[in-house]
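Beneath this line is the structure, given in structure tokens, with notes to follow.
In what follows, residues are counted from 1 in the order of the sequence shown.
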Amino acid sequence: MNDLTAFLHPRSVALVGASSDPTRVGSLPLKFLREYGYPGTIYVVNPHHQELQGYPCFPSVAEIPDTIDLMVISVNAERVLQTIQNCRLGQVRSALVLTSGYGEMGGDGGYRQQQLIEEARQRGIRICGPNSVGMANLWDGVVPTISQAFDQQFSPGGIAFISQSGALGTAVMALAAAQGIDVGYFISSGNEADWDFVDYCEALLEDSRIRIIAGYLEGVRDGRRLAQVAFRAHTQGKVLVLLKVGRSSHGAAAARSHTGALTGEDVVYQAVFDQYGIYRVFSLEQLLDVLKLLSVQSSWGTQLGIIGHSGGAGVLMTDEAERWPLSMPSTSPHLRSQLAKHLPAFAALDNPIDMTANVIFDSGVMLECFEAVLRDPAYDVAVFSVNLMWRIQDSLAQGLIALKSRNPKPFLISWIGVKESIAHQLQQSGIPTFSDPVRAIEALGRIATRPRFQPSSPQPSGSRAPCRVTWEDQALCLEGYQLPLAPYRLVHSFEEALQAANDVGFPVAMKLIADDLLHKSDGGGVFVDLVNADGLRRAWDDLSETARRYRLQGILVQRMIPEGVEVLVGGRWDRTFGAVLALGIGGIYTEILRAVDVHLAPIDLSQAHQWITSQPWSAIVMGARGQPQRDVSALSHVISNLSRLLYENQVGSVDLNPVMVGVQGQGAWVVDWRFTGEEA
């Protein structure tokens with residue numbers, strides 16, 4: 001773990017390039033440090049001034065007699081390197097480089113960035129950036145940033161926000177503050193030439209004031225470390241909420257050019273998020289909506305009671321609830337009688353409850369009805385829905401705040417047309433408030449569908465030993481990991497084929513094994529259910545003719561495995577996450593249905609069994625509609641053993657397709673397999 005104490009909690013800050021001109025970015029870090037009450041020592045470095053805003057100016061960092069925890073650099077790119085070179089060994093512990101013109105530009109920028117990091121390392125300096133817009137530790141008044149978003153006074157809260165896009169990150173800060181969501185830390189990670197996104201996550205987990213780590217993420221260098229952060233967050237009762245971009249091929253390419261990071265395929269990111277309980281959102285709205293709820297309470301229920309004065313809003317929310325695992329229990333007779341005391345006879349008392357427009361000028365009636373819903377044990381979360389209400393907005397808001405103070409059950413507000421000041425006041429009082437009823441229910445749904453955390457600390461990426469490439473070597477490798485290959489022989493003549501068929505036992509299949517034959521069945525390279533020597537002869541002659549088109553390694557004679565459920569078990573080496581597993585329906589349907597799930601390797605037997613039973617097709621192997629239960633235990637062994645092979649060897653990818661899973665007690669057999677040397 002990297003120690004970011006000097007960066008996040010500096011006792012002294014040196015500002016290189018500080019300016020008295022408010023139109024220059026160099027003026028902003030000093031301005032914000034002063035306005036937010038930074039309690040440490042500030043050194044101003046500017047060779048063209050004797051003093052700035054009451055601070056004496058040093059001509060260079062080398063002239064500062066003391067050690068410096070954080071050096072903030074806002075000079076042009078040519079002077080940044082010189083600034084680093086002027087530092088004495090051990091004089092500066094960390095540097096925030098705000099200057100652009102490095103790796104984000106490509107070409108010479110990449111060289112300048114590498115040169116910068118090498119010089120910094122020689123002097124013991126760790127770097128945030130370059131190309132950062134700054135950072136903010138609002139808890140301690142450390143705000144060296146060039147973002148004008150901090151012209152407004154932000155209040156600290158239990159959220160840390162890390163962004164690989166500076167401009168977008170500061171926009172999130174401003175939007176969050178406007179909605180009453182308080183962020184305690186903001187870090188613009190810039191090009192991540194030294195410290196990266198995960199480094200900041202690891203450091204912020206150690207701060208007891210932080211419950212939520214949120215971020216805008218384009219990619220990480222080491223996906224295993226991100227998974228480890230999520231695991232540690234879970235053990236500490238904290239959560240990660242990430243706006244991960246780069247889902248499309250075009251988006252992924254844009255992310256690479258923006259940060260210089262190599263992003264892994266999005267399906268692997270999503271699998272890791274699911275596996276380690278990371279909340280994923282896909283827009284700024286979704287990010288802020290989820291943070292509204294989580295900043296108030298870490299868990300929310302799924303049994304909704306909805307009450308309002310607009311039937312239309314109720315229908316909107318009901319439709320949205322059906323998209324998620326959210327239930328709307330019927331109104332109990334007791335609750336109906338409570339509501340009937342206050343509402344007209346034509347009010348709709350089914351959930352969602354429509355109080356009708358008769359109540360819109362009486363906040364007291366609305367609040368009494370809402371409190372009755374809150375007290376009903378059938379609901380573990382309540383939603384109060386109103387429109388406009390400008391004439392009584394203040395009394396209604398105060399009534400809701402009072403209601404919150406005496407009711408432990410969580411609730412949220414859907415208030416169409418809500419004034420920003422009212423929404424801010426309610427959020428600050430622990431009442432999430434949404435201007436759109438659909439977004440309110442969607443945010444609840446996103447939290448409710450967070451995958452159940454699988455309590456297993458991810459292993460670091462395994463060592464990558466060379467893997468032999470011939471088919472026979474691959475077969476030996478599989479067998480060395482106790483993977484049950486259907487009995488086989490690789491032969492080169494008909495006489496060898498006949499002997500092999502007798503050895504493994506008829507009926508047999510015959511298959512071409514060729515370097516350039518990807519799908520054997522598509523290339524006419526497979527014959528099955530050969531029951532005698534005559535059939536074997538005919539198949540041999542046809543395969544020998546077909547083989548002329550390929551780079552042949554031999555012809556496989558393989559015992560026919562009794563009919564079973566075909567499953568794909570595979571995996572590959574991902575440059576971001578290391579060894580990853582794939583599991584899905586096998587055979588010819590793999591690429592048609594694309595029902596394939598992904599998991600980090602290695603995986604033990606218990607985890608493999610749980611993974612199988614969580615699949616949407618699990619009923620097929622567990623025994624459905626009178627079908628026999630398949631040998632899930634044997635399949636679990638195949639998965640676990642392949643996971644060790646992938647983790648311990650340099651294999652681009654391995655497909656075991658199909659693995660034929662027999663009925664309970666008859667095992668699972670690998671019928672076909674394919675290795676490649678290419679990594680994703």
Side-chain angles (χ1 to χ4, degrees), residues 289-290 292-293 296-297 299-344 346-360 362-389 392-393 396-397 399-401 403-404 407-418 422-423 426-427 430-449:
D289 289 349
V290 168
K292 276 184 186 179
L293 296 178
V296 168
Q297 184 158 318
S299 63
W300 289 77
T302 60
Q303 309 296 308
L304 309 188
I306 299 177
I307 185 170
H309 64 84
S310 166
V315 173
L316 279 172
M317 288 189 282
T318 301
D319 286 348
E320 184 64 19
E322 288 189 3
R323 292 184 56 231
W324 306 94
L326 302 173
S327 301
M328 297 180 58
S330 300
T331 312
S332 67
H334 175 72
L335 179 56
R336 285 175 178 269
S337 66
Q338 293 292 106
L339 295 170
K341 296 176 184 179
H342 305 285
L343 301 178
F346 51 84
L349 302 185
D350 291 327
N351 189 16
I353 299 159
D354 181 4
M355 296 181 290
T356 76
N358 283 37
V359 301
I360 61 173
D362 194 335
S363 60
V365 168
M366 286 191 287
L367 291 168
E368 286 188 40
C369 291
F370 184 42
E371 187 161 17
V373 173
L374 273 174
R375 290 176 175 172
D376 193 297
Y379 312 120
D380 51 25
V381 60
V383 182
F384 186 58
S385 172
V386 293
N387 303 345
L388 307 182
M389 293 290 169
I392 61 168
Q393 61 183 1
L396 186 57
L400 288 167
I401 293 169
L403 193 60
K404 175 68 177 177
N407 282 276
K409 184 176 292 184
F411 66 86
L412 56 90
I413 310 299
S414 165
W415 192 328
I416 298 175
V418 65
I422 296 292
L426 290 171
Q427 182 73 37
I431 306 172
T433 303
F434 297 81
S435 60
D436 182 336
V438 173
R439 284 175 58 184
I441 304 304
E442 180 189 40
L444 273 176
R446 289 194 178 279
I447 291 176
T449 55

> Does the side chain of Phe411 reach to within under 4.5 Å of the side chain of Val373, using non-hydrogen atoms?
Replying inline: no
>> With rounding to the nearest 0.5 angstrom, report the CG to OG distance, Leu412 to Ser385.
In response: 10.0 Å
> What heavy-atom pair brings Asn358 and Pro344 nearest, and what distance separates the two atoms?
Replying inline: ND2-CG, 4.0 Å
>> Using every non-hydrogen atom in the two residues, find where Thr302 and Pro325 come nearest and quote the distance to one decimal.
In response: CB-O, 3.5 Å
> Would you say Ile431 and Val296 make side-chain contact, with heavy atoms under 4.5 Å?
Replying inline: no
> Under the side-chain hydrogen bond (donor to acceptor under 3.5 Å, both in side chains) test, which residues partner Asp362, sequence neighbours left out?
Replying inline: none
>> Would you say that Asn351 contacts Leu335 through its side chain, given a criterion of any heavy-atom pair below 4.5 Å between the two side chains?
In response: no
> Roughly how far apart are Met366 CE and Ile392 CD1, rounded to 0.5 Å?
Replying inline: 3.5 Å
> If every non-hydrogen atom of Gly430 is compared with every non-hydrogen atom of Pro432, which pair is closest and at what distance?
Replying inline: O-CD, 3.5 Å
> Are the side chain of Ser327 and the backbone of Gln303 linked by a donor-acceptor contact shorter than 3.5 Å?
Replying inline: no
>> Side chains of Asp380 and Lys409, heavy atoms from C-beta outward: is any pair under 4.5 Å?
In response: no
> What pairs with Glu368 under side-chain hydrogen bond (donor to acceptor under 3.5 Å, both in side chains), at least two apart in sequence or on another chain?
Replying inline: His342
>> To the closest 0.5 Å, what do you measure between CE (Met355) and CZ (Phe384)?
In response: 5.0 Å
>> Within the 4.5 Å heavy-atom criterion, are Leu349 and Leu343 side-chain neighbours or not?
In response: yes
> OG of Ser363 to CG of Leu400: how many Å apart, nearest 0.5 Å?
Replying inline: 9.0 Å
> If you look at every heavy atom in Thr356 and Ala347, which pair is closest and at what distance?
Replying inline: CG2-CA, 3.7 Å
> Measuring from Ile441:CD1 to Met328:CE, what's the distance to the nearest 0.5 Å?
Replying inline: 7.5 Å
> For Ser332, which residues count as a side-chain hydrogen bond (donor to acceptor under 3.5 Å, both in side chains) partner, sequence neighbours excluded?
Replying inline: Asp376
> What closest approach, in Å, do Gly399 and Leu367 show between heavy atoms, and which atom pair accounts for it?
Replying inline: CA-CD1, 3.5 Å
> Should Gln338 and Arg375 count as side-chain neighbours, where that means a heavy-atom distance under 4.5 Å?
Replying inline: no
Can you give me every donor-acceptor pair (side chain of residues 308-317, partner residue at least two apart or in another chain, under 3.5 Å) with its distance?
from, atom 1, to, atom 2, distance (Å)
His309, NE2, Asn387, N, 2.9
Ser310, OG, Gly312, N, 3.4
Ser310, OG, Ala313, N, 3.2

> Side-chain contact, heavy-atom cut-off 4.5 Å: Trp324 with Leu444?
Replying inline: no
> Is the side chain of Glu371 donor-acceptor paired with the backbone N or O of Leu403 at a distance under 3.5 Å, no angle test?
Replying inline: no
>> Could you work out, with ring-ring contact (aromatic ring centres under 6.0 Å, His included) as the rule, every residue matching Phe434, not counting sequence neighbours?
In response: none
> Which residues pass the salt bridge (Lys or Arg N to Asp or Glu O under 4.0 Å) test with Arg446, sequence neighbours left out?
Replying inline: Glu442
>> Rounded at 0.5 Å granularity, tell me how far CH2 in Trp300 sits from CG in Leu326.
In response: 12.5 Å
> Tell me, do Ile307 and Leu339 make a side-chain contact under 4.5 Å, heavy atoms counted?
Replying inline: yes
>> Tell me if a side-chain donor or acceptor on Trp415 pairs with a main-chain N or O of Leu388 at a distance below 3.5 Å.
In response: yes
